[in-house]
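Read the structure below first, then the notes.
Since the model is a prediction, treat every value here as computed from it, not as a measurement. One-based numbering along the sequence shown.
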Amino acid sequence: MNSSWIILGATSGIARAVIRKLAAQGHGMFLAGRNQTELEAIAADCRLRGARMAEVMTFDARDHSNYGDLITRLRDEEGELNCAVFTGSMPEQEAIDADPNMIEGVLADSLTGPATFLQMLAPLMEERGCGAIAGVGSVAGDRGRLGNYVYGAAKAGFATYLSGLRNRLGRSGVHVMTIKPGPVDTPMTYGMELPLMTTPDAVADDILNGLARKTNVLYTRKIWRLVMGIIRVIPEPIFKKMSI
Ligand SMILES: NC(=O)c1ccc[n+]([C@@H]2O[C@H](COP(=O)([O-])OP(=O)(O)OC[C@H]3O[C@@H](n4cnc5c(N)ncnc54)[C@H](OP(=O)(O)O)[C@@H]3O)[C@@H](O)[C@H]2O)c1
């Protein structure tokens with residue numbers, strides 16, 4: 001049976017590493033994002049690596065007007081459909097404090113844009129009764145922190161959305177995996193000094209292993225499950241005075 005992956009935010013550093021591995025496994029690739037020139041280059045690379053096909057799609061998390069057309073195209077593609085979500089933006093918290101109107105964009109990039117698209121894709125995947133959805137949240141969504149609580153709120157919202165979607169689609173044989181990375185060395189974290197940093201390639205390996213095992217919530221690196229478990233249980237009177 002044909003198998004295809006729809007990648008939202010295919011130009012992301014983490015997505016590129018995942019795409020290279022999926023292409024080498026021979027899947028068909030629908031590469032969705034804003035930068036068509038970059039996407040065409042990634043598509044060409046996919047074909048060289050052995051992808052069954054590679055097609056570029058326009059996807060903007062802040063503009064839902066073409067999502068219906070994307071779904072129509074995907075309906076025509078036979079076989080198993082899978083989707084992975086990598087869109088997101090992390091402006092500095094100080095910039096958001098200075099301009100609260102930025103909140104809407106942060107929520108659109110990580111939550112409302114991808115959730116709207118997945119909500120439209122869900123019936124198609126339910127009909128086919130197979131496939132997987134992998135969505136990127138973040139450890140930042142596990143507890144609101146001084147340094148990035150708007151980004152964290154967007155990721156928490158997306159993780160909750162994926163939890164509900166997992167509950168719904170699991171009944172039709174579609175698996176939904178929530179990915180919670182800690183810091184990863186990509187353009188998003190360029191120039192930042194962050195603890196336990198890892199590489200996109202290592203995260204991509206974790207994602208593919210997680211999908212193979214039908215993991216529900218994947219922390220990558222693994223140590224973050226423990227770290228966030230501890231951070232989550234710090235009593236609020238203490239936590240609100242901390243700057244971690
Ligand atoms: N790097 C980390 O430490 C880290 C940690 C935890 C979670 N994450 C999450 O992992 C995902 C991938 O991030 P990354 O680290 O690979 O960073 P990245 O390279 O900066 O990728 C961000 C991606 O989001 C896309 N994007 C942003 N706004 C968009 C919009 N309105 N519509 C469509 N696409 C949009 C970007 O597209 P353009 O190329 O068009 O800008 C880019 O493909 C993100 O959701 C991020 O929040 C990252």
Side-chain angles (χ1 to χ4, degrees), residues 1-12 14-15 18-19 22 27-36 39 42-43 46 51-89 103-138 141 153-179 207 211 214 216-218:
M1 182 170 60
N2 280 351
S3 163
S4 307
W5 275 90
I6 306 134
I7 311 287
L8 304 186
T11 53
S12 111
I14 300 174
V18 172
I19 289 166
L22 290 173
H27 298 280
M29 305 299 296
F30 290 96
L31 306 167
R34 298 184 291 193
N35 184 333
Q36 300 301 293
L39 291 171
I42 298 168
C46 282
R52 181 175 56 79
M53 51 75 78
E55 195 174 310
V56 164
M57 289 177 151
T58 299
F59 176 84
D60 187 334
R62 302 188 189 192
D63 176 2
H64 307 172
S65 58
N66 73 331
Y67 292 7
D69 294 341
L70 299 183
I71 300 296
T72 302
R73 167 66 189 95
L74 295 170
R75 190 175 286 283
D76 286 344
E77 190 68 17
E78 287 177 7
E80 182 181 280
L81 293 176
N82 304 273
C83 183
V85 178
F86 296 96
T87 62
S89 59
I103 291 177
E104 206 173 328
V106 175
L107 290 175
D109 297 344
S110 280
L111 171 59
T112 55
T116 302
F117 180 83
L118 292 177
Q119 204 67 11
M120 293 169 76
L121 181 66
L124 189 50
M125 295 186 70
E126 273 171 328
E127 269 168 36
R128 300 200 183 182
C130 59
I133 291 172
V136 179
S138 169
K155 292 301 185 188
F158 192 47
T160 303
Y161 172 77
L162 290 174
S163 165
L165 193 64
R166 174 161 45 250
N167 208 307
R168 168 181 167 185
L169 295 185
R171 292 154 210 248
S172 317
V174 178
H175 182 61
V176 177
M177 182 169 84
T178 309
I179 305 158
I207 291 174
L211 284 166
K214 294 203 187 302
N216 293 311
V217 179
L218 175 82

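A donor-acceptor contact shorter than 3.5 Å links the side chain of T160 to the backbone of A156. A donor-acceptor pair under 3.5 Å is formed between the side chain of N66 and the backbone N or O of T58. In terms of modelled atom types and a separation under 3.5 Å, the side chain of S12 and the main chain of I14 share a donor-acceptor contact.
Going from atom CG of L39 over to atom CE of M57 covers 11.5 Å, rounded to the nearest 0.5 Å. A distance of 12.5 Å separates CG of D69 from CZ of R73, quoted to the nearest 0.5 Å. The distance from atom OG of S3 to atom CG of N82, rounded to the nearest 0.5 Å, is 5.0 Å. In this structure, CG in L74 is found 6.0 Å from CG in L81, a value given to the nearest 0.5 Å. The CG atom of L70 sits 8.0 Å away from the CE atom of M120 when rounded to the nearest 0.5 Å. Expressed to the nearest 0.5 Å, how far CZ of R34 lies from CG of D63 amounts to 11.5 Å.
Nearest heavy atoms, G79 versus R128: O-NH1, 2.9 Å. When all heavy atoms of A132 and L211 are compared, the pair lying nearest together is CB-CD2, 4.0 Å. Here the closest non-hydrogen pair linking L169 and V176 is CD1-CG2, 4.1 Å. Nearest heavy-atom pair, E77 versus S4, reported as atom, atom and distance to 0.1 Å: CG-OG, 3.7 Å. In this structure, H64 and G113 approach most closely via the heavy-atom pair NE2-CA, 3.8 Å. Taking both residues in full, the closest heavy atoms of L162 and M177 are given as CD1-O, 4.5 Å, listed atom of the first, atom of the second, then distance.
Each side chain to side chain donor-acceptor pair (under 3.5 Å) pair with one or both residues in residues 106-121, not counting sequence neighbours, appears once here: R62-D109, S89-D109, S110-K155, Q119-Y161. Listed by first and then second residue, the salt bridge (Lys or Arg N to Asp or Glu O under 4.0 Å) pairs involving residues 168-179 are E126-R168 (not counting sequence neighbours).
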Step-by-step side-chain contact (heavy atoms from CB on, under 4.5 Å) determination, L165 to M125 = CA-CA 12 Å; L165 193 64; M125 295 186 70; over 6 Å; no
Does the side-chain contact (heavy atoms from CB on, under 4.5 Å) test come out yes or no for H27 and E80, once each step is laid out?
-> CA-CA 10 Å; H27 298 280; E80 182 181 280; 5.7 Å; no
Please report the C-alpha distance between S163 and T178 in whole Å, then the side-chain angles of each, then the deciding distance to 0.1 Å, and finally whether the side-chain contact (heavy atoms from CB on, under 4.5 Å) criterion is met.
-> CA-CA 8 Å; S163 165; T178 309; 5.7 Å; no
Determine, step by step, whether I7 and L22 satisfy the side-chain contact (heavy atoms from CB on, under 4.5 Å) criterion, reporting the C-alpha distance in whole Å, the side-chain angles of both residues, the deciding distance to 0.1 Å, and the verdict.
-> CA-CA 11 Å; I7 311 287; L22 290 173; 4.1 Å; yes
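No more than 12 heavy-atom neighbours from other residues, nucleotides or ligands sit within 6.0 angstrom of CD on E78.
Annotation: ring pair (Phe, Tyr, Trp, His ring centres under 6.0 Å) contacts of F86 (sequence neighbours excluded): none.
A 4.5 Å side-chain heavy-atom check between N2 and M53 finds every atom pair outside the cut-off. A heavy-atom distance below 4.5 Å is not found between the side chains of V85 and V136. Considering only heavy atoms from C-beta on, N216 comes within 4.5 Å of H175 through its side chain.
Classification of the F117-F59 ring pair by plane angle, with boundaries at 30° and 60°, yields perpendicular.
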